[in-house]
Undergrad: 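Dumping the structure here so I can ask a few things about it.
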Amino acid sequence: MISEFDIIHRYFSRPAPGAVLGVGDDAALIKPAAGVELAISTDMLVSGQHFLADVDPHKLGHKSLAVNLSDMAAMGAKPRWATLSLALPESMVHTGDKWLKAFADGFFELAHAHSVELIGGDTTRGPLNICVTIIGEVAKGKALRRDGARPGDDIWISGHLGDAALALAHVQRRITLEPGEIAACLPVLLTPAARVELGQRLIGLADSAIDISDGLLADLGHILKSSKVAGVIRMNEIACSASMKKYLPQTLAIECLLAGGDDYELCFTAPRETRGGIEILAREQLVPLSRIGRIGEGEGLVVLDAAGKTVTLETKGYDHFRT
Ligand code: ADP
Ligand code: MG
């Protein structure tokens with residue numbers, strides 16, 4: 001029977017030349033570069049809550065790191081190191097190493113792509129639960145915080161919104177997507193890309209940023225609340241995929257667009273003067289960046305439809321503790 005230490009040694013011990021000391025001691029040691037602050041964030045993925053137990057382990061390995069990279073992107077930080085804490089049921093350890101190998105491959109492929117080093121973690125038996133902590137570097141005082149939005153700022157989003165939620169609605173049989181739509185939307189749900197490079201490039205342009213993990217309304221709401229400002233957005237300015245466009249008159253699609261989680265795109269605010277710079281950035285990064293509204297004085301968020309009428313929604317976004 002494979003031991004805890006075999007698992008760590010076989011799957012999760014890799015060289016970490018960017019750390020002073022990596023996996024294997026009581027703690028890892030890192031030395032941040034001069035003039036930077038460390039950005040630290042943790043995200044936990046729980047079986048049955050964030051994914052189904054039979055999900056492809058390679059994709060799960062990717063996603064467990066991607067959601068953390070997205071938090072670094074939202075701060076404008078460069079991700080450098082990560083720790084990985086795993087609770088594993090017996091069944092996943094005894095698949096003749098298939099499950100663990102695929103999970104580790106998915107995790108490390110994305111880690112290598114972003115030069116992130118795994119420097120520690122914890123491994124225990126239990127219901128499948130994956131907790132990643134990520135550590136990044138950002139120039140002193142420059143991080144993109146939620147409390148930086150100012151009246152007059154434009155509100156922007158990256159990429160397309162709602163595809164992950166559409167895919168989830170399909171998986172949960174609340175909607176039936178065509179095969180081509182499934183092929184387009186499901187990867188957004190299962191293997192999201194984090195806008196890591198974009199986040200770092202927004203420093204100097206944006207006043208505030210957040211990543212969209214719980215839905216646009218909820219996440220933009222956090223910026224408004226922290227910054228003590230109000231916002232107006234125009235629904236028809238939100239960039240969306242061909243699949244989303246097709247379903248958009250339906251309430252379910254509007255909910256996916258405005259309140260669907262799991263897209264891991266960025267929502268940011270920036271002064272009007274930076275519009276040109278942001279448009280250049282969109283072309284350089286090959287990411288659509290759309291200007292969807294404006295920050296104002298006061299509080300609250302108003303969503304307008306194409307006719308200028310206020311859109312109201314039952315759900316505002318994902319909240320684990322709401323019943
Ligand atoms: P301790 O008994 O001090 O908690 P452990 O035996 O849990 O140490 O872990 C031994 C080493 O392996 C530590 O350096 C720890 O950070 C690392 N480690 C444990 N689990 C993982 C994992 N899933 N991924 C990466 N490193 C891990
Ligand atoms: Mg331990």
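This structure is a prediction, so every number in the text was calculated from the model and none was measured. Order of appearance sets the numbers: ligands from 1, and atoms from 1 within every ligand.
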Undergrad: Check whether any N or O atom of Leu86, backbone or side chain, sits under 3.5 Å from an N or O atom of ligand 1, and answer yes or no.
TA: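 No - when backbone and side-chain N and O of Leu86 are compared with those of ligand 1, no distance drops under 3.5 Å.
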Undergrad: With atoms numbered from 1 as shown, which atoms in ligand 1 lie under 4.0 angstrom from a non-hydrogen atom of Asp122?
TA: 7 (O), 19 (C), 20 (N), 21 (C), 23 (N)
Undergrad: To check you understand the geometry: which heavy-atom pair defines the closest contact between Asp154 and Arg275, and what is its length?
TA: OD2-NE, 2.8 Å
Undergrad: Please say whether the positively charged group of Arg195, taken as NZ for Lys or CZ for Arg, lies over the ring of Tyr264, i.e. under 6.0 angstrom from the six-membered ring centre and within 45 degrees of the axis.
TA: no
Undergrad: Non-hydrogen atoms of Tyr11 versus ligand 1: any pair closer than 4.0 Å?
TA: no
Undergrad: Should Lys225 and Glu299 count as an ion pair when the cut-off is N to O under 4.0 Å?
TA: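 No, Lys225 and Glu299 are not salt-bridged.
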Undergrad: Backbone or side chain, does any N or O of Gly24 fall under 3.5 Å from an N or O of ligand 1?
TA: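 So ligand 1 has an N or O lying under 3.5 Å from an N or O of Gly24.
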Undergrad: Taking 4.0 angstrom as the limit and counting only heavy atoms of Asp26, give me the atoms of ligand 1 inside it, by number and element.
TA: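 Answer, ordered by atom number: 3 (O).
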Undergrad: Do you know which of Leu217, Asp262, Ile157, Leu220 makes side chain to side chain contact (heavy atoms under 4.5 Å, CB included) with Ile212?
TA: Ile157
Undergrad: Any nitrogen or oxygen of Leu84, main chain or side chain, under 3.5 Å from a nitrogen or oxygen of ligand 1?
TA: yes
Undergrad: Which of the atoms in ligand 1, numbered in the order shown and given with their element, are less than 4.0 Å from a heavy-atom of Asp25?
TA: 13 (C), 14 (O)
Undergrad: Could you list which atoms of ligand 1 come closer than 4.0 Å to a heavy atom of Thr123?
TA: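 Near Thr123, the atoms of ligand 1 are 19 (C), 20 (N), 21 (C), 22 (C), 23 (N).
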Undergrad: Give the atom numbers and elements of ligand 1 that come within less than 4.0 Å of a heavy atom of Glu4.
TA: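 Near Glu4, meaning under 4.0 Å from one of its heavy atoms, ligand 1 has 6 (O), 7 (O).
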Undergrad: Mind checking who shares a hydrophobic cluster with Val138, ILVMFWY linked at side-chain heavy-atom distances under 4.5 Å?
TA: Leu144, Trp156, Leu198, Leu202, Ile203, Leu205, Leu266, Phe268, Ile278, Leu281, Val287, Leu289
Undergrad: Can you find a side-chain donor-acceptor pair between Ser226 and Asp147 that sits under 3.5 Å?
TA: no
Undergrad: For the CD atom on Glu297, are there more than 12 heavy atoms of other groups (residues, nucleotides or ligands in this structure) within a distance under 6.0 Å?
TA: no
Undergrad: Which atoms from ligand 1 have a heavy atom of Val23 less than 4.0 Å away?
TA: 12 (O), 14 (O), 17 (C), 25 (C), 26 (N)
